Engineer: 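The structure's right below; bear with me while I get my questions together.
Since we're looking at a predicted model, the values are computed, not measured. Residue numbers start from 1 in every chain, and the chains themselves are labelled A, B, ... in the order their sequence lines are given, proteins ahead of strands.
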Protein chains: 2
Amino acid sequence: MEKNTAYHTLLKNLGLKVTPKRLALLSVLGEEHRYLSPEEVWKKLRRSFKNLGLPTVYRNMEELERHGVISKVLHSNRQLYYYFCPKTGHHHHFVCLECRIVEDISVCAVREMEKEIKRRVKGTVTSHILQVNGLCSGCAGKQ
Amino acid sequence: MEKNTAYHTLLKNLGLKVTPKRLALLSVLGEEHRYLSPEEVWKKLRRSFKNLGLPTVYRNMEELERHGVISKVLHSNRQLYYYFCPKTGHHHHFVCLECRIVEDISVCAVREMEKEIKRRVKGTVTSHILQVNGLCSGCAGKQ
DNA sequence: GTATAAATAGAAATCATTTCTATTTATGAA
DNA sequence: TTCATAAATAGAAATGATTTCTATTTATAC
């Protein structure tokens, strides 16, 4: 299946309208194995679309995140970054703070934590945030 | 030992000057078992200090966080929140999104993740973010 | 085609956070 | 105690990423 068809289907399945800009946005994110800010995505897309509002990029990225198609990356500078995550199912990420590459992590120990919370706090867990920061092999070598 | 003396010692040990405002800030955070925003802390402190700048509160909270005295709470509204954490040593938090209470979690499975990353990605882990969100027993009941 | 809701552009607003500069203050030594 | 000095602070101002708003356009289902 061609990639664009895949993105087309993806949007359809989410009940979102298939617009050229959305397809292009998915394409940009899908080809990048690194996390990008909305502004960076916007700059890339403006090459193809002279008329493209930054708010549109923000809106779409937020929407895609809500639907689980892309995932947020937490950064100490408190800006928004997103990463297109081809892997499905529950998992987490290792992000390189230098080159921004993202690697999936299959291990998730939140289940154990959840147990501890249920037992001790008797509370309900609704979500969790887990991100491992560091330097990938390439970037660690350069230091 | 009196609390204020404890905070006094705490600041001394960090190499920070012991100012009345810093002591009061620590006192506010120390008595609250919930996470607070800089502005909320500022409003509380202004009762005692007519002249207190909001930037001072931001600066001090950031500094205390850097020294590990208080810890940041991640929130989807992307505002800053901090929690005074009496527990020492590596651990994580369960935060109630409703009443903002914070509970320590001793389990931390990041070690396992680190192993996976070392093996697969051959990268270096510099830090990790882990926070469990939910509702505490009290707040879950009200829903 | 056509109606309709969704998506968008572009400008403008928001507002938490940060920066800046002059002033004040805690601190350690004399 | 006094003094010198660096750190801390007030208050105003700037910043800038993100959001909101409104009119216009567009995808889609019938």
Side-chain angles (χ1 to χ4, degrees), chain A residues 4-5 7-28 35-67 69-70 72-82, chain B residues 4-5 7-28 35-67 69-70 72-82:
Chain A
N4 229 42
T5 318
Y7 295 142
H8 195 290
T9 315
L10 178 61
L11 291 172
K12 270 283 181 213
N13 290 343
L14 297 176
L16 298 172
K17 287 191 175 175
V18 182
T19 68
K21 285 165 184 176
R22 273 190 178 142
L23 288 172
L25 191 153
L26 278 170
S27 193
V28 161
Y35 57 88
L36 297 174
S37 70
E39 186 160 4
E40 286 164 340
V41 172
W42 178 60
K43 279 178 181 162
K44 282 175 188 286
L45 289 174
R46 269 206 308 186
R47 293 173 198 159
S48 324
F49 302 92
K50 55 207 169 307
N51 293 355
L52 172 65
L54 185 50
T56 299
V57 177
Y58 268 93
R59 201 178 339 98
N60 277 301
M61 291 178 91
E62 189 198 345
E63 189 129 64
L64 290 170
E65 199 259 345
R66 206 168 43 239
H67 285 96
V69 178
I70 63 180
K72 233 181 247 182
V73 170
L74 304 167
H75 203 282
S76 58
N77 70 4
R78 306 181 4 84
Q79 274 188 239
L80 283 172
Y81 293 100
Y82 293 99
Chain B
N4 228 41
T5 319
Y7 295 142
H8 195 290
T9 314
L10 177 61
L11 291 173
K12 271 283 181 213
N13 290 343
L14 297 176
L16 297 173
K17 286 191 177 176
V18 181
T19 68
K21 285 165 183 176
R22 274 192 178 140
L23 288 171
L25 191 154
L26 278 170
S27 192
V28 162
Y35 56 89
L36 297 174
S37 70
E39 186 160 4
E40 287 164 340
V41 171
W42 178 60
K43 279 176 181 163
K44 282 176 187 285
L45 288 174
R46 268 207 306 187
R47 293 174 198 157
S48 324
F49 302 93
K50 55 210 166 307
N51 292 357
L52 172 66
L54 185 50
T56 299
V57 177
Y58 269 92
R59 203 176 340 99
N60 278 302
M61 290 177 93
E62 190 198 343
E63 189 129 64
L64 289 170
E65 200 260 345
R66 207 168 43 240
H67 285 96
V69 177
I70 63 180
K72 234 180 245 182
V73 170
L74 303 167
H75 203 283
S76 59
N77 71 3
R78 306 181 4 82
Q79 273 187 240
L80 284 172
Y81 293 99
Y82 294 100

Engineer: Taking only side-chain N and O atoms of A:Asn51, does any of them lie within less than 4.0 angstrom of OP1 or OP2 on C:dT8?
Structural biologist: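 Answer is no, no contact under 4.0 Å.
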Engineer: Which pair of non-hydrogen atoms, one from B:Gln79 and one from B:Asn77, has the smallest distance, and what is that distance?
Structural biologist: N-OD1, 2.9 Å
Engineer: With side-chain contact (heavy atoms from CB on, under 4.5 Å) as the test, pick out the partner of A:Asn60 among A:Leu25, A:Ile70, A:Val41.
Structural biologist: A:Leu25
Engineer: What is the separation between atom CG on A:Leu14 and atom C1' on C:dA6, rounded to the nearest whole Å?
Structural biologist: 15 Å
Engineer: Send over the distance from A:Leu45 CG to C:dA7 P, rounded to a whole Å.
Structural biologist: 17 Å
Engineer: Do you know which two heavy atoms are closest between B:Tyr81 and B:Ser37, and how far apart they sit?
Structural biologist: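 Nearest heavy atoms, B:Tyr81 then B:Ser37: CD2-N, 3.6 Å.
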Engineer: Tell me: CG of A:Leu11 to P of D:dT28, nearest whole Å?
Structural biologist: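 Rounded to whole Å, this separation is 9 Å.
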Engineer: To the nearest 0.5 angstrom, please state how far the CG atom of A:Leu36 sits from the OH atom of A:Tyr82.
Structural biologist: 12.0 Å
Engineer: Over all heavy atoms of both residues, which pair between A:Phe49 and A:Ala24 is shortest? Give the atoms and the distance, please.
Structural biologist: CE1-CB, 3.5 Å
Engineer: Measure across A:Val18 and A:His8 and return the closest heavy-atom pair with its distance rounded to 0.1 Å.
Structural biologist: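 Nearest heavy atoms, A:Val18 then A:His8: CG1-CD2, 3.4 Å.
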Engineer: Does A:Lys21 NZ have over 12 foreign heavy atoms under 6.0 Å away?
Structural biologist: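 Above 12, so yes.
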Engineer: Do you know which two heavy atoms are closest between A:Val73 and A:Tyr35, and how far apart they sit?
Structural biologist: CG2-CB, 3.7 Å
Engineer: Are B:Arg66 and B:Glu62 close enough that some pair of their side-chain heavy atoms sits under 4.5 Å apart?
Structural biologist: yes
Engineer: Give, for atom CG of A:Leu54 and atom CH2 of A:Trp42, the distance between the pair rounded to the nearest 0.5 Å.
Structural biologist: 5.5 Å
Engineer: Report each atom pair, protein N/O against N/O of nucleotides 21-27 of chain D, whose distance is under 3.5 angstrom.
Structural biologist:
| unit_1 | atom_1 | unit_2 | atom_2 | d |
| --- | --- | --- | --- | --- |
| D:dA27 | N3 | A:Lys17 | NZ | 3.2 |

Engineer: Rounding to a whole Å, what distance do you find between A:Leu25:CG and C:dA7:P?
Structural biologist: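 So the CG-P distance, A:Leu25 to C:dA7, works out to 13 Å.
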Engineer: Determine which bases of DNA chain C form Watson-Crick or G-U wobble pairs with both distances under 3.5 Å, and write the result as a 5' to 3' dot-bracket string with | for other-strand partners.
Structural biologist: ||||||||||||||||||||||||||||||
Engineer: Return the value, rounded to whole Å, for the distance between atom CG of B:Leu16 and atom P of D:dA6.
Structural biologist: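 It is 17 Å, rounded to the nearest whole Å.
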Engineer: Quick check for you: among C:dA7, C:dG10, D:dA10, whose closest atom lies nearest to any side-chain atom of A:Arg22?
Structural biologist: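 Within the option list, the nearest is C:dA7.
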Engineer: B:Trp42 has an atom CH2; how far is it from atom P of D:dT9, in whole Å?
Structural biologist: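 The answer, rounded to whole Å, is 15 Å.
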Engineer: Once you round it to whole Å, what is the distance between P of C:dA9 and CG of A:Leu52?
Structural biologist: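 A:Leu52 atom CG is separated from C:dA9 atom P by 5 Å.
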Engineer: Quick check for you: to the nearest 0.5 Å, what is the distance between A:Met61 atom CE and A:Leu26 atom CG?
Structural biologist: 10.0 Å
Engineer: Find every protein N or O atom lying less than 3.5 Å from an N or O atom of nucleotides 15-17 of chain C, and list the pairs.
Structural biologist:
| unit_1 | atom_1 | unit_2 | atom_2 | d |
| --- | --- | --- | --- | --- |
| C:dT17 | OP1 | A:Arg78 | NH2 | 3.1 |
| C:dT17 | OP1 | B:Leu80 | N | 2.8 |
| C:dT17 | OP2 | B:Tyr58 | OH | 2.4 |
| C:dT17 | O5' | B:Tyr58 | OH | 3.3 |

Engineer: How many whole angstroms separate atom CG of A:Asn77 from atom P of D:dG16?
Structural biologist: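 Distance, rounded to whole Å: 13 Å.
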